[in-house]
Amino acid sequence: MTLVGEEPRTPVLAAERISKSFGEVQVLFSVDFDVLPGEVHALVGENGAGKSTLIKILSGFESPTSGRILLDGRPVSLPANGAAEALGIVLIHQEFNLADHLTVIESLFLGREVTRFGVLDRKFMRRETRRVLDLLGSHVDENALISSLAVADKQMVEIAKAISREARVVFMDEPTAVLSREETDILFSQVRKLRDKGTSFVFVSHKLDEVMELTDRVTVLRDGQWIKTAPTALLDGESIAQLMVGRELSSLYPSKEEPDVDEEIVLSVRGLTTGYVKDAGFELRKGEVLGFSGLIGSGRSELMEAIAGLRPRLSGEVVLKGATLPPHDFEEATRRGLAYMTKDRKGKGLLLGEGMTPNLTLQSIDRHVTHGYLDPASEAKAMARAKRRFDIRVRDDRVKVGRMSGGNQQKLLLAKIMETEPDVIIIDEPTRGIDVGTKQQIYHFIAALAREGRSIIVVSSEMPEVIGLCTRVAVMREGRLVGMLEGEEISEQMIMRYAAGLRKQQAVG
Amino acid sequence: MSMNTETDPRAPRGRGWRDVDLRAIAPFAALALLLVIGALVNPNFIGLTNLANVATRSAFIAIIAVGATFVISSGDLDLSVGSMVAFVASLMILFMNSGAIADPALMLAAAVALAVVIGGLCGLANGLITTVGRIEPFIATLGTMGIYRGLTTWLSQGGAITLSSPQQQALYRPVYFGSILGIPVPILVILLVTAIAAFILYRTRYGRHVVAVGSNRDVARYSGIGVDRVRTIAFVIQGLCVAIAVLLYVPRLGSTSATTGILWELQAITAVVVGGTALKGGAGRVWGTICGAFILELVGNIMLLSNFISEYLIGAIQGSIIIIAMLVQRSLTRKS
Amino acid sequence: MSMNTETDPRAPRGRGWRDVDLRAIAPFAALALLLVIGALVNPNFIGLTNLANVATRSAFIAIIAVGATFVISSGDLDLSVGSMVAFVASLMILFMNSGAIADPALMLAAAVALAVVIGGLCGLANGLITTVGRIEPFIATLGTMGIYRGLTTWLSQGGAITLSSPQQQALYRPVYFGSILGIPVPILVILLVTAIAAFILYRTRYGRHVVAVGSNRDVARYSGIGVDRVRTIAFVIQGLCVAIAVLLYVPRLGSTSATTGILWELQAITAVVVGGTALKGGAGRVWGTICGAFILELVGNIMLLSNFISEYLIGAIQGSIIIIAMLVQRSLTRKS
Amino acid sequence: QETKTIGVSIPAADHGWTAGVVYHANRVAELLMKEHPGLKVVVKTSPDPATQANALQDLEVQGIDALVILPTDPDPLVNAIKEVKSKGTFVSIVDRAPSVNDNSVRDLYVAGNNPALGEVAGQYIKDNTPDAEVVVIRGLPIPIDQQRQDGFDKAIAGSNVKVLDRQFGNWNRDDAFKVMQDYLTKYPKIDVVWCQDDDMAVGVLQAIEQAKRTDIKYVVGGAGSKDMIKKVMDGDKMIPVDVLYPPSMVGTAMELTAAAIYDQVPVHGTYTLDATLVTADNAKNYYFPDSPF
Ligand SMILES: Nc1ncnc2c1ncn2[C@@H]1O[C@H](COP(=O)(O)OP(=O)(O)OP(=O)(O)O)[C@@H](O)[C@H]1O
Ligand SMILES: Nc1ncnc2c1ncn2[C@@H]1O[C@H](COP(=O)(O)OP(=O)(O)OP(=O)(O)O)[C@@H](O)[C@H]1O
Ligand SMILES: [Mg+2]
Ligand SMILES: [Mg+2]
């Protein structure tokens, strides 16, 4: 905490009048920003506000178009491509920066392998890796290949990678977007410990409660402009949100509408078993929003992918609108009106090298075929509609998707799934990396879909989201469906109790 | 990310559409450069006859390479095309020699149909071995390359297979040597095949799927695209293109042997890559491909027409020209 | 321990290690299968002489393929290795024929050093053209393939270059034909080269960087790895391996020609892929590679020793065997 | 003298024998140009039939009065040659004859005698080792190879000479080495190796030497490379003879062609060269130390 009246300290790292343009598109406008020693500084703003760009500049991954960077009060030009780590500046990328073919150990030490007489000191690196992972309470096997890790585990590896560096400033770009509350807590306690030893953190997040909880100061960006820097203690979540979007926000969650008990059952899963998920069963009614909660790695995604036919199942039955779905046939499921939105937007969701339109229409291309060939005009119309509907903001329409801001990618992915006009929609982490303003839009959008008579499954690690949105919440633990909460039962404590294995319902589903 | 790697990550910022356009234009710039060099080397070079000759004989590689553009765009590779040419041509000629159908025109039509069917089947075999068998396309098609070539050797008993009926030959000859409105038939065929391919790749649902599968297989799968089907069809298209090339090849020489089409696979792949399609898969450039095929043929032609290069060094100079042409392309796309 | 890295510890919890081990073992299983088939085909096959012959003559491809494992793991491709063999061998023999150094042993030593330097330089050229020139490795090395081959043809005036001094020949001959403790020298060289390569790939920082670069270039760059340097060094390693192969090749026939090493690049790549390294880059399996080289040589050997295959069909059967061997590998890794 | 152009299209120097062809073509080209001041001789090499067909077109574009062609593979080139001939160009085909080899295709045919190459080798083996067990290494699966095999078979027909095996060695030393190694494994006793080519003989000899086998009496190659002729001359036991198949035949054809277009000598029809058996007695007549082959 910076106490009022304390002597002004020299910032470890400071940005002065930083501007940044990509080609003709300017994304940062003369931004000032500083990091004091031993503070946690939040950087918040809407999607595409320029947060990631700013911290990439401050860690040497991008160079500013104009402006200065000061390290310990002296102007520096940061070396490119992560070499700034030598100066104690570490960045946890918003998008994973891990190579699939490497193991966890190898990733952690990539680029700074420890050798003895020119030979890799594998014992040391393994021990060190284990130590850092244990510190973070992560059970990831240090010998596992990155390609075999779940998204959340990858995030933990990224964090471990940063923490294992002797860093002075750690930039964290939405590190908790895919973490559950438990892991977030562990991460925060580590951050506090290191902060007390003098390490500085810059924390980018759309989870404003976490910002309130962890940080000492907050800087708000809007449309690439600096808006305000203030001690966190002097703000609250709502005022930060207002500063971000520049207007007042109404209630985040729409009102819930429970479907009739005799409403038709559109999806019914019985005894579904995969390599990890055991004997899962539940039913989904028309117009229902069903939540799936649980700890990271509890098998929610695996269950959903098995339902959709993206993964083989060992046994069990899935009935969609009265007809059995063939196993492991996602195309057929799509055809019958089931949609699945992955949480891994980069690896499985979007073609990063293509523009927005081909991505948007990839799954629903048939709608734009007239007389056997594609109709670009119709695609363009769909694109325009999607931009409005999901508030996708880009400064240049021809931008490759890989260069869009994280949140806007997420919106595009959601738009892509919705283009198929499905009846049953499974959304894995719907608001990962999305700002509050847009979150609200998405929640209302989901509610509207339900009102239209569509059925939605929301898999989310953000408990407030599940609680605020769903009429029923299923809880998974270690591959099993352990609870199904309804109405009043739905509360953070109850969900936690099931998720942690303190309670268990018999015969769920 | 994988695409970032491709589009020159050194200059990642903005500039957007300009360098894209230039990337597509680059092969044509290299082509223009070669035309200038050729004109300097030999005055006959720029004559219509010569250029028509070169364009005409680039037909085989060009058409095969159009097929290869699909396979490569979808992230695969087909090494068997050269042997496939020999195999399909052998069967076609053997069929025509068999005299199964009396009427020559009818016979020719049947032979054409046969060639197309066999080409498609060979492609299908490649596709299934690769996708269903889950074997790296490099190995799978290296295997079928040996198989098609071996079968051809066996069919020809180590010799040549020659169209025996002069009547058939006379009837078929114009397909390679004839011209319509002054334009040689093979050139028309190239243009037609490329136009159709461009239409498929850029204006149909299947084309989109090819690009998606080639640039990220997981994304394609999670978008409900039948990845294996898309890949297999690409191999079939390749097979059909090979068959079309055979339809032009047989009337040209009226004969084929176990050595027909050796190394054509390398040439086809080179044409595709010179034309601007990345070997790692993703966006394909069909027009660039035929430009690439034309460039390859031109380099050989210029070598031959120039009289000051030791024939021993032709290979070396050809290699250098290819590298220089690519460097020119690169610098073109980087500068502006 | 080096084998551990090779058996990539996939899948974290449980089920993991089993199918992992199998993936690395698969090429060896295929090899064992071939040995059994060979023994059935001809009783002489399993004799020590024959197996030693096969292993010995697989040396060239095996050693080149070890180098190719580096290039392929780092996400590149080198098509020029076959021509490079011819080029380095020509220069080496020409140097020995020049009689620049009187003492034969000294001369031989100097020639060996020369070959290694030239191999390294050829590799460096490939690497620089690819990385600094930013040309697709396929095209860059196709270009240098033409250049090296062309220069060789020119040096040899299309004919053969033969070691002229019988004294030199006698001195050098044991390097291919000799044996130490009953094991032919080339086999020892294979083992030595592979062991060193395995050490570099699995036990040094550079090896890690190769895998990282091949797996994801952007990640490697963001981790402060000099991507271009890593790639270039891989090409240099490939060049050095080619030079070592040449050192074994020259004493065998005491001569080289413009046709030396034709298509060896395809064989080397095949050996690498059969050995379990993916063409798209990432994990490399050095021991698998030499197993792959051995498999290729064995298939040919079995064909020749068998009495029931028409010589015309050998290519076809060879192709089928490769495909079947890969299918067996696949099913092995998938089932358990 | 009036200006004339002779185009010479030959295979690329991708093998000892073809290298010899290139050497002699260039040698004679210079000679002819010295002899006839107005004459231009353009020599072009091509690695395969398709490329050679292109080369013919390119020569035609340059304008030629006569064409001397040694086809890489004759049948696939017939149409292309006919195309040249139809323009009134004088055409000489060397060595490899297409299946239809009459005046519609060419004016002059200078024949290397492929069947005879096989026949002479077969005859020699039959005469000297009547009960020999022979292994054969073939070239590439193309017609000239087949013709040589047929000639060989004709010569040994009805005799006690037995062919144990035939495999392709692709006219390549390394491949021949491998094939021979495997033959040695496969057959405990081999009397004679017929590999119909001197390049392949190099690999064969090394394989035999390595195996230290003494049962092989001799090896018959072919073509007449300087190394093998030297061995014959020196009385090498393993190479007692060689069958001539001179790459210089292309030069002969060029000289005849020049005579045809300048001197108006009626040169037409077929000139067949012998497949001479080179023995220790006559070897020095065929030894050209300067040739690359
Ligand atoms: N390499 C690039 N080329 C072109 N435009 C880019 C590039 N990188 C970022 N941009 C643009 O810069 C703007 C700011 O992006 P940035 O990633 O900094 O946003 P952000 O604040 O991190 O948003 P989010 O909360 O969604 O992550 C976006 O409009 C984005 O499209
Ligand atoms: N104890 C375990 N044994 C084996 N596999 C496990 C274990 N714990 C987790 N897994 C793996 O974790 C995966 C479950 O993760 P999944 O992504 O389905 O969970 P999730 O609840 O959606 O969490 P996340 O938020 O990470 O997506 C399974 O694929 C499974 O292989
Ligand atoms: Mg961001
Ligand atoms: Mg999940």
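Within every chain, numbering begins at 1; the chains are lettered A, B, ... in the order of the sequence lines, protein sequences first and strands thereafter. Predicted, not measured: the structure shown is a model, and the values here were computed from it.
Taking chain C as the reference chain and counting heavy-atom pairs below 4.5 Å, the highest number among Q210(D), Q167(D), Q181(D), R166(D) is found for Q181(D). For the set A19(D), G20(D), S225(D), A12(D), the count of heavy-atom pairs under 4.5 angstrom toward chain C peaks at A19(D).
Heavy-atom distances place both the backbone and the side chain of V179(D) under 4.5 Å from chain C. With a 4.5 Å cut-off on non-hydrogen atoms, Y23(D) does not touch chain C at all. Proximity to chain D (any heavy atom under 4.5 Å) is restricted, for Y249(C), to the side chain, taken from C-beta onward.
Using a 4.5 Å cut-off on side-chain heavy atoms (C-beta onward), T185(D) and T49(C) make no contact. The shortest distance between side-chain heavy atoms of R252(C) and R173(D) does not fall below 4.5 Å.
Classification of the F168(D)-Y312(C) ring pair by plane angle, with boundaries at 30° and 60°, yields tilted.
Under the 3.5 Å distance criterion, the side-chain polar atoms of K178(D) are left unmatched by any main-chain donor or acceptor of V54(C).
Separating the OG1 atom in T259(C) from the CG atom in N170(D) is a distance of 10.5 Å, to the nearest 0.5 Å. A distance of 10.0 Å separates CG in L253(C) from CG in L205(D), rounded to the nearest 0.5 Å.
In summary, of the residues considered (N42(C), N53(C), N301(C)), a side chain to side chain contact (heavy atoms under 4.5 Å, CB included) with D182(D) occurs for N301(C) alone.
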